[in-house]
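What follows is a single structure, written as structure tokens, with notes after it.
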Protein chains: 2
Amino acid sequence: MRSERLDHIMTALGDPTRRAILARLNAGEARVTDIAAPFDMSLNAVSKHIRLLERADLVKRRKAGREHYLSFNAAPLDEASEWIEQTRMFWARRLDTLECVLKSDLQEKKGRKK
Amino acid sequence: MRSERLDHIMTALGDPTRRAILARLNAGEARVTDIAAPFDMSLNAVSKHIRLLERADLVKRRKAGREHYLSFNAAPLDEASEWIEQTRMFWARRLDTLECVLKSDLQEKKGRKK
DNA sequence: TTGATATTCAACCAATTGGTTGAAGAAAGG
DNA sequence: CCTTTCTTCAACCAATTGGTTGAATATCAA
């Protein structure tokens, strides 16, 4: 099974701090220090979270002198979305079928009653 | 931040074994032993994976005597999907706006050329 | 050069995850 | 009853995650 990218993406999204970082990046590029500021943890802890986000390619880094500007990269979300929607649709279809079966059963009962 | 459910859902989806278990459950209810059979790991290991899936409410358990029948529950996927689609749409909109700006710039240039 | 700022690296620690083996408990089949 | 089957529980171990502090590195600014 060659799904390591998906593993990394889902894992990266499975932590509230990291999702908050991504939300922060919706407002645009930001430096590591800026990103870390609102969090009640050390800069180093945030730096590590960023590393996991980079592993999942959800964050891009642009270095300008001593400052590192992080930006959000939405592309990996497609892969996560694809898996989820694929699975959801499969079951949506099954439930439709089930509903259809139940309806036809109901119709059949009505028919017999008459 | 009260996002523990989402944490559990994403975390559950962040492992290939667990996604494979869910895929297996697409074929319908199955016992723990049946689910574990194709995997190259102990029954106990699979049992633990199932526990994480249950924590995320992605799997329901029905006990019939000594056998436990697991089934897939798609509902939590809505929550994961919501977060992802929300975020994707935000950026899709931004890119549309950017594209629009670029186009209008192009138009402007053309206009000036004439 | 000196000093402040921005960041990572390294070592450490606790909690979680991902796996093992060996039991225990509960139900089925003789 | 006894044995087998299905499953979890408990203890253990390695790797990863989530955090800390302290140091190293690189850049800016005086």
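Protein chains get the first letters and strands the later ones, always in sequence-line order, with residue 1 at the start of each.
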OP1, OP2 of C:dT8 versus side-chain N and O of A:Ser47: anything below 4.0 Å? yes

A side-chain contact here means heavy atoms from C-beta on lying under 4.5 Å apart; do A:Leu70 and A:Glu29 qualify? no

Salt bridge or not between B:Arg5 and B:Asp57? Use side-chain N to carboxylate O under 4.0 Å. no

Give the rounded distance in Å between these two atoms: CD of B:Glu67 and P of D:dT4. 18 Å

Find the distance between CZ (A:Arg61) and CD1 (A:Ile50) and round it off to the nearest 0.5 Å. 6.5 Å

Flag yes if B:Leu13 and B:Phe39 sit in one hydrophobic cluster, no otherwise; membership is Ile, Leu, Val, Met, Phe, Trp, Tyr, and two members link when side-chain heavy atoms are under 4.5 Å apart. yes

In whole angstrom, what separates A:Arg31's CZ from C:dT8's P? 12 Å

Can you identify which nucleotide, out of C:dC9, C:dG18, C:dT7, has its nearest atom closest to the B:Leu52 side chain? C:dG18

Tell me: CD1 of B:Ile50 to C1' of C:dG18, nearest whole Å? 14 Å

Short side-chain N/O contact to C:dT16 OP1/OP2 from B:Arg55, under 4.0 Å: no

Starting at the 5' end of nucleotides 20-26 of chain D, put B wherever the base has a protein heavy atom under 4.0 Å, S where only the sugar-phosphate does, and a dash everywhere else. BBB----

Starting at atom CD1 of A:Ile35, determine the distance to atom C1' of C:dT8, rounded to an integer number of angstrom. 15 Å

When the distance from CG of A:Leu53 to P of D:dG18 is rounded to whole Å, what number comes out? 10 Å

Does A:Arg18 place a side-chain N or O at less than 4.0 Å from the phosphate oxygens OP1/OP2 of D:dG18? yes

From the options C:dT7, D:dT7, D:dG18, select the nucleotide whose nearest atom is closest to the side chain of A:Arg61. C:dT7

Give me the one residue out of B:Leu52, B:Asn73, B:Leu25 that meets side chain to side chain contact (heavy atoms under 4.5 Å, CB included) with B:Val59. B:Leu25

Is a salt bridge present between B:Arg88 and B:Glu85, judged by a nitrogen-to-oxygen distance below 4.0 Å? yes

Calculate the interatomic distance between B:Asp34 atom CG and D:dT7 atom C1'; express it in whole Å. 13 Å

Mind calculating the distance between CG (B:Asp15) and P (D:dT16) to the nearest angstrom? 13 Å

Has A:His68 got a side-chain N or O lying under 4.0 Å from the OP1 or OP2 atom of C:dT8? yes

CZ of A:Arg51 versus P of C:dC9: gap in Å, rounded? 6 Å

How long is the gap from OG on A:Ser81 to CD1 on A:Ile9, to the nearest 0.5 Å? 11.0 Å

